[in-house]
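The structure presented is a predicted model; accordingly, all values stated were derived computationally and were not measured. Just so it is clear: chains get the letters A, B, ... in the order the sequence lines come, proteins before strands, and each one is counted from 1.
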2 protein chains.
Amino acid sequence: MKILIIEDEQDLLELILRYLKKEGYVCEVATTFMEGYKKINNYEYDCAIIDLNLPGGDGLKLVNILREDSTQTGILIISARDTLDDRITGLDIGADDYLTKPFNLSELNARIKAVMRRKTNQFSKELNFGDLIINLDEHKVTACGNTLQLTKKEYNILLYLARNKARVVTKDSIAEHLWGDYMDGAVSYDFIYAHVKNLRKKLADNGCGNFLKTIYGIGYKFQIN
Amino acid sequence: MKILIIEDEQDLLELILRYLKKEGYVCEVATTFMEGYKKINNYEYDCAIIDLNLPGGDGLKLVNILREDSTQTGILIISARDTLDDRITGLDIGADDYLTKPFNLSELNARIKAVMRRKTNQFSKELNFGDLIINLDEHKVTACGNTLQLTKKEYNILLYLARNKARVVTKDSIAEHLWGDYMDGAVSYDFIYAHVKNLRKKLADNGCGNFLKTIYGIGYKFQIN
DNA sequence: CTTCAATAATGAGGATTTTCATGTTACTAA
DNA sequence: TTAGTAACATGAAAATCCTCATTATTGAAG
């Protein structure tokens, strides 16, 4: 479940970010119109949370871009109450739902889930890929019936890739997701290589050898054969 | 706060200039590409406001120059709306934010402040507590002149406590901050005890034995002396 | 003041994570 | 097609982290 948050107020952004990450979403962030524009064009998201009032451009444009292109992405608008009224009046904004500031985070979460439920019915507590099943409640992975003994890093890498199935995930993105603030610049990807190797071995030893594909020069992709 | 404004339309320039001066900024002005180029090379500015459409050269070049010199100057682009779209498409212009004409001046001011806030947060250099100095850029901790060899967890615990100096920090808060999603309920604080112990030893071995105080039943507190 | 229970500190061992050196594979350009 | 180079894989060693058993300390109750 990958969410793009486009919001320029740092405080609010971090609040949302921390909350959604804790809720188990994979999040990416943009703080300007342009940044949001780029991310929308480069990746696929399950849901986009867009503040209408953005530096550098109108959030509505981003909504339109999302709608015109691949319409799989759920769209949740957030906006200050006063500016919202102007905009939605007589406007088909093309979003799936909207929230006015201020809102509380559990409300946001409820809306996201509602939007996603409408989109696809893919919000179970496990990810099932046939031979490979990831149980999110118990942090347990089953390959061809066998429970895998994964370390935390291995589990988290697998989960991150699986949640972005069929999408290419960059190494930077993996690093940021798993290590967060630790790494400032000056990066080696050796530890990713190492963990992916160990992960692949454990998968392969249990008949799930083909799930993790290397994308040369970019990163990895979780693919269902 | 010193700002360079590079803009060739006299009316707009004077409008901006008068407004920003009233807001308390120190301003300098350039009206051509060459003039802007020289000023950028001769002085250091906290922020540069650059019109893309300049006589004598492309404003983007100036942006690139500023970026490549790895100056810490914040960059704010202004541009006519129609020319902007061409340029941002697939272009990493390297600016911190941009505005399209026409804009109102309080909007400009807000953007400047936002850019500067992002910059200064990003480059805050060190936390100095006398004998103990935490260098954020290099992730380096110095105690009585000696560089400590801290592990990542140790560094992060120390940093977290130091940022909350004189405040009591709960163990749950520490755990959440350092381990995030990993731990769902069912918690033991043994690893915090362990890391704090090792951290204290390293501090004490270098004459900084009294910074971390245990708050029985709650957590820890970073205190000076 | 003493005892008790809960909390914290400690040391050591095992598990995990990271690094390093080296081998292999995939892309690029000629 | 073939070097040449950058990216990735691999195994093993080193560093770090976590767990566990034990000991010490704290605050509260008697």
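Every residue two or more places apart in sequence or in another chain was checked for a ring-ring contact (aromatic ring centres under 6.0 Å, His included) with Tyr193(B), and none qualifies.
Counting any heavy atom pair closer than 4.0 Å across all strands shown, Leu150(A) reaches no nucleic acid atom. Nucleic acid contact class of Ile192(B) (heavy atoms, under 4.0 Å, all strands): none.
At least one side-chain heavy atom of Tyr189(A) sits under 4.5 Å from a side-chain heavy atom of Asp172(A). Residues Leu132(A) and Phe222(A) meet the side-chain proximity criterion, which asks for heavy atoms closer than 4.5 Å. Residues Asn135(A) and Thr142(A) form no side-chain contact, since every pair of their non-hydrogen atoms from C-beta on lies 4.5 Å or further apart.
Contact record, Lys202(B) with Leu148(B): O-CD2, 3.8 Å, taken as the closest heavy-atom pair. Nearest heavy-atom pair across Gly36(A) and Leu62(A) is C-CD2, 4.3 Å. Taking all atoms of both residues into account, the shortest heavy-atom contact from Ile78(A) to Ile49(A) is CD1-CG2, 4.0 Å. Across every non-hydrogen atom of Leu212(B) and Arg200(B), the tightest pair is O-NH2, 3.0 Å.
Distances shown here put a side-chain N or O of Tyr220(B) below 4.0 Å from the OP1 or OP2 atom of dA9(C).
Atom P of nucleotide dT16(C) and atom NZ of Lys153(A) are separated by 13 Å, given to the nearest angstrom. Atom-to-atom, CG of Asn156(B) to P of dC18(D) comes out at 12 Å; the value is rounded to the nearest Å. Taking atom CD of Glu154(B) as the reference point, atom P of dC17(D) lies 6 Å away to the nearest angstrom. When rounded to the nearest whole Å, the span between CD1 of Ile215(B) and P of dA9(C) equals 11 Å. Here the P atom of nucleotide dC20(D) and the NE2 atom of His195(B) are 15 Å apart, to the nearest Å. One interatomic measurement links the two molecules: OH of Tyr155(B) to P of dC17(D), which rounds to 14 Å at whole-angstrom precision. Rounding to whole angstrom units, NZ of residue Lys152(B) and C1' of dT16(C) are separated by 12 Å. Distance, Leu178(B) CG to dC17(D) P: 10 Å, rounded to whole Å.
Side-chain proximity of Phe191(A) to the nucleotides dT16(C), dT19(D), dT19(C) is greatest for dT19(C). Across dT16(D), dT18(C), dC18(D), the shortest atom-to-atom separation from the side chain of Thr151(B) is found for dT16(D). Distances were taken from every side-chain heavy atom of Thr214(A) (C-beta onward) to each of dC8(D), dT16(D), dA9(C); the shortest belongs to dC8(D).
A donor-acceptor contact shorter than 3.5 Å is absent between the side chain of Asn164(A) and the backbone of Arg167(A).
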Protein-nucleotides 10-14 of chain C N/O pairs closer than 3.5 Å?
| unit_1 | atom_1 | unit_2 | atom_2 | d |
| --- | --- | --- | --- | --- |
| dG11(C) | N7 | Lys197(B) | NZ | 3.4 |

Taking only nitrogen or oxygen atoms into account, show me every contact under 3.5 Å that the protein makes with nucleotides 26-30 of chain C, one pair per line with its distance.
none

